[in-house]
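First comes the structure, then the notes that go with it.
Lettering of chains follows the sequences in order, A, B, ..., and the numbering in each one begins at 1.
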2 protein chains.
Amino acid sequence: MVSRAYTDGAKISNESRKKVYEAAEKLGYRVNYLARGLQTRQSNLVGIVASALDTPFRARQVKMAAREFIRQGYRPMLMVAETPDEVEQLISLLFSYNVAGMLITSATPSSEIIVESNNLSVPVVLINRETEIVGPDKVQIDIQQAGKLAFDMLIRSGAKNLAVVRPVSPSFSVTGRSDAFVQHCSENGYSAQVFNAASQSYDSGFEVAGKIGLALDRIDGLFCTTDLLAIGVMDRLRADWNVDIPNGLQIVGFDDIEQAKWGSYQLSTIRQDAKEQACAAVDLMLDRIENPDRDPKIYLQTVVPIFRNTTQKSQ
Amino acid sequence: MVSRAYTDGAKISNESRKKVYEAAEKLGYRVNYLARGLQTRQSNLVGIVASALDTPFRARQVKMAAREFIRQGYRPMLMVAETPDEVEQLISLLFSYNVAGMLITSATPSSEIIVESNNLSVPVVLINRETEIVGPDKVQIDIQQAGKLAFDMLIRSGAKNLAVVRPVSPSFSVTGRSDAFVQHCSENGYSAQVFNAASQSYDSGFEVAGKIGLALDRIDGLFCTTDLLAIGVMDRLRADWNVDIPNGLQIVGFDDIEQAKWGSYQLSTIRQDAKEQACAAVDLMLDRIENPDRDPKIYLQTVVPIFRNTTQKSQ
DNA sequence: ATGAAAGCGCTAACAC
DNA sequence: GTGTTAGCGCTTTCAT
């Protein structure tokens, strides 16, 4: 009886429904969605597994994903995991909550856990992660395009001697765009010096800039694979080597985080749209929920050039 | 039988337990925590209601809270709300998921919803929000101490003519610390000019710096109520007025976000520890869950001075 | 349109 | 230590 009042399209008179609502109001009654889910055998809980949540790009990505999930009637549980081990554990936990799906934007989970998600048939979508295991849908930037774009931006702005800064630890998206850049350079008859940074962070950029400073006479165009790296590099290069950017060195970053616009940097960069990414990911998941047996899809995201003041005006 | 295998301290032989586990492994069985919660009438779901998740300080705060919840065996649902209306809606939603409690770090919810949470007896903890309604536990910075500290830092560094930048829209924590600063100035025989910024953001800082630039001859010490404001102010003041910081103007920020350390800023600031804040909040909530009838508590957080390069060395 | 009963996956309580 | 049963809050089905 009460149940029908809260079920759309159930057979109940408006009169009764109104009565139920009034009584509910008085008693502070709420439908228990968890119990409902038990019966209907579906859940509108989803999981978001993320690392480095306090990093500008990731924060934006997660915010957008959470909003979109909520907008679509799903409730995201937030799992923040830094290490691969943690990722595994938390994913495993999510299984026990009967999540309708999960979105992963952190370390890539191991193949076993992906297999498990296949068996339990909970949809997984990976953002900017690579894995050979089939099953999960994926949202990825077009790393080839990204590499080409970085090359084009620097060359068209007049740079001739190229270099790239990338984190040491391999990652589909970040070292991937570096590789694509290098490859594109050599295909076009340029060589690119590569600098390895410890991670993707500002600090790593600041640190590796020590090495870049030493090589300044052989470089006039630098692709930094994340904006944070770029900003760290800029700060160090200006402070310790008094480098004039863009006249002494041109820099292109990647991500287009909020800070790239800041007056001290005005970084020319390549934007990956966090909102588009997040929405694509939840769309894929919802689509998979409706249609569990379809083949895995990849949403390939196009990346766009943003010219600010760390590159020279192209003629 | 199966149930006992997964219940700590249940009467079951190790042998049986092992058998159950093995069978579970083979079948891919998982305990359904939602169903368990239905029976035990308790849930380890909690809600985190946050706005401006893509802002450095908030991102860190939410990350820490989520991690701490997970560590303690709770599962946070993330609700991102920008407007007060959204906050209400999402809180209301959370009630239907039988959350064990909720942590709010966004616009302050209206009193009705607080009353409702009291009635449903779901613990609420507010971070840096004020409300006259009793019920919720609170974690707050000590705004009096904050105001005094900002004053002391500037005065001890040799500033004589003080000013403060604050967002127009009143907020317990942010305009509160501004008010405390102004009050503390006047108690000590100083006057403080106040500049109103549109919001707490970098852009607002950048914008209001237009007005500050005009008043530069009457100011040598500036308290910016958030680091983002401070950074925006610095960028504009350097670019358009060529101000020498700290020799021409000393600046103290608030929060100690990651970017405050960056080479271009090296902002002297007042740190509120996001991790401490988050942990205090979840502690309060868990304590309230165990002891639902205790009186509301306030955790008053002490704030600490960080001297970098936007203030002069005190003698 | 309404009432009654069964059952979702689980635990608690009571027998043995 | 183990088997059985009732019931958490809900929806669904089958009567009425």
Side-chain angles (χ1 to χ4, degrees), chain A residues 1-47 73-75 77 92-101 116-117 119-122 289-290 292, chain B residues 1-47 73-75 77 92-101 116-117 119-122 289-290 292:
Chain A
M1 183 75 279
V2 171
S3 170
R4 284 195 257 254
Y6 290 95
T7 309
D8 288 337
K11 298 176 182 176
I12 188 176
S13 66
N14 285 340
E15 202 180 350
S16 312
R17 173 167 276 156
K18 182 164 288 179
K19 259 190 219 162
V20 171
Y21 279 25
E22 278 164 10
E25 176 82 11
K26 204 174 298 176
L27 301 172
Y29 168 85
R30 308 258 166 176
V31 198
N32 181 334
Y33 281 95
L34 265 26
R36 171 181 287 183
L38 195 58
Q39 168 66 7
T40 59
R41 343 188 92 270
Q42 45 171 293
S43 147
N44 45 15
L45 258 36
V46 294
Y74 288 80
R75 315 288 163 239
M77 296 175 53
S92 186
L93 256 178
L94 284 174
F95 288 137
S96 283
Y97 287 88
N98 256 17
V99 290
E116 188 156 14
S117 79
N119 292 342
L120 299 170
S121 68
V122 1
I289 290 173
E290 283 189 5
Chain B
M1 186 72 278
V2 172
S3 169
R4 283 196 260 254
Y6 291 96
T7 309
D8 286 338
K11 298 174 181 177
I12 188 175
S13 65
N14 285 339
E15 201 182 347
S16 314
R17 173 167 275 153
K18 184 164 287 180
K19 260 191 220 162
V20 171
Y21 280 25
E22 278 164 9
E25 177 81 13
K26 204 173 299 176
L27 301 171
Y29 168 85
R30 307 259 165 176
V31 198
N32 181 334
Y33 281 94
L34 266 23
R36 171 183 284 182
L38 195 60
Q39 167 67 9
T40 59
R41 340 190 93 271
Q42 43 169 292
S43 146
N44 45 14
L45 259 36
V46 294
Y74 288 81
R75 313 291 164 235
M77 297 175 52
S92 188
L93 256 177
L94 285 174
F95 288 138
S96 284
Y97 287 86
N98 257 17
V99 289
E116 189 154 14
S117 79
N119 292 343
L120 299 170
S121 68
V122 1
I289 291 171
E290 282 189 6

**Request:** Go through the steps to decide whether A:Ser3 and A:Arg36 satisfy the test side-chain hydrogen bond (donor to acceptor under 3.5 Å, both in side chains), and finish with yes or no.
**Result:** CA-CA 10 Å; A:Ser3 170; A:Arg36 171 181 287 183; over 6 Å; no
**Request:** For the residue pair A:Tyr6 and A:Tyr29, categorise the inter-ring angle as parallel (less than 30°), tilted (30 to 60°) or perpendicular (more than 60°).
**Result:** tilted
**Prompt:** Backbone N or O of A:Tyr97 within a donor-acceptor pair of the B:Arg30 side chain at under 3.5 Å?
**Reply:** no
**Asked** Are any of the side-chain heavy atoms of B:Asn98 and B:Leu38 separated by less than 4.5 Å?
**Response** no
**Asked** When you check every protein heavy atom under 4.0 Å of nucleotides 8-16 of chain D, what one-letter string (B, S, -) results, 5' to 3'?
**Response** BBBBSB---
**Request:** Indicate yes or no for a side-chain donor-acceptor contact from B:Arg17 to the backbone of B:Ala5 under 3.5 Å, with no hydrogens or angles considered.
**Result:** yes
**Atom-pair distance (CG on B:Asn44; P on C:dC10), nearest Å** = 14 Å
**Fill in**
B:Leu34 CG to C:dT11 P, in whole Å, measures 12 Å
